Amino acid sequence: MSIMELANVLEKTEEEADPAVMELHRRDVSDEQLRRFERYAAEMFSAFGMEFDSPATVDTPRRFVRALLDATAGYEGDPKLLTVFETECRGGPDCRLSQVIEGPIQFYALCEHHALPFYGHAYVGYIAHEHIIGISKLTRLVRLFARRFTVQERVGQQIADALDAMLAPHGVAVYLEAHHLCTQMRGVQEASPLTRTTFWRGEYENNPALRSEFFVACGLQR
Ligand SMILES: [Zn+2]
Ligand SMILES: [Zn+2]
């Protein structure tokens with residue numbers, strides 16, 4: 001993305017972002033607990049119909065528990081996220097209107113109502129003031145909040161608030177679209193609907209032109 005390349009050239013110093021914005025939840029899960037959870041999972045799967053007498057399923061409870069732990073690793077944080085760069089605010093309309101936009105960023109989350117996946121794409125935009133963040137960090141930020149037990153609305157709010165707190169930018173835009181397996185797996189609909197959510201901070205809140213430029217740049221204006 002050319003704006004970002006330009007911004008990277010202008011970068012001067014690195015700073016630590018405040019980890020509080022990431023709303024972390026340190027997890028101390030012992031091996032003994034994991035083995036107990038595997039027994040619970042095995043009991044449930046078996047009651048629901050899974051047969052454990054084949055090589056294919058004998059390890060399924062262990063894989064299930066590990067996969068769930070891994071899919072919610074966003075609570076642990078991401079040390080590579082903790083840097084932001086200084087740039088030059090040149091003031092004037094340029095600083096207030098130039099957007100940095102990244103997307104689609106693929107994400108996978110677990111709905112906290114059913115512990116089943118919802119997954120889709122995030123588009124994140126911001127208008128830098130004195131700080132910028134590496135483009136790959138936007139992907140990390142999306143995944144940090146998605147890989148939890150959560151809801152789509154909260155993922156978007158957390159991304160927007162974290163960027164706001166880390167960069168103090170002129171504005172933040174977040175658009176998420178996702179398929180929710182908790183409704184789709186159990187429903188009878190043939191089409192698979194997309195749930196769409198938008199979050200605006202700063203300049204985006206009162207500037208419809210910025211919002212439509214964001215959607216056009218994301219390729220979402222059809
Ligand atoms: Zn659900
Ligand atoms: Zn500025």
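Fair warning: this is a prediction, and the values are worked out from it, not measured in the lab. All ligand and atom numbering here is 1-based and tracks the order in the structure. We number each residue from 1, following the sequence as shown.
Proximity of a side-chain donor or acceptor of Q99 to a complementary backbone N or O of L210 within less than 3.5 Å is detected.
The Zn ion (ligand 1) lies closest to atom ND1 when only the N/O/S atoms of H114 are considered. Closest to the Zn ion (ligand 2) among the N, O or S atoms of H129 is ND1.
Taking 2.8 Å as the threshold, C111 counts as a candidate ligand of the Zn ion (ligand 1), since one of its N, O or S atoms lies below it. None of the N, O or S atoms belonging to H113 lies under 2.8 Å away from the Zn ion (ligand 1).
One finds no salt bridge joining E43 and R39 here, because no Lys/Arg side-chain nitrogen approaches an Asp/Glu carboxylate oxygen to under 4.0 Å. Here E38 pairs with R66 in a salt bridge; the nearest charged N to carboxylate O distance falls below 4.0 Å. A salt bridge between D78 and K137 is absent, with no side-chain N of the basic residue lying under 4.0 Å from a carboxylate O of the acidic one.
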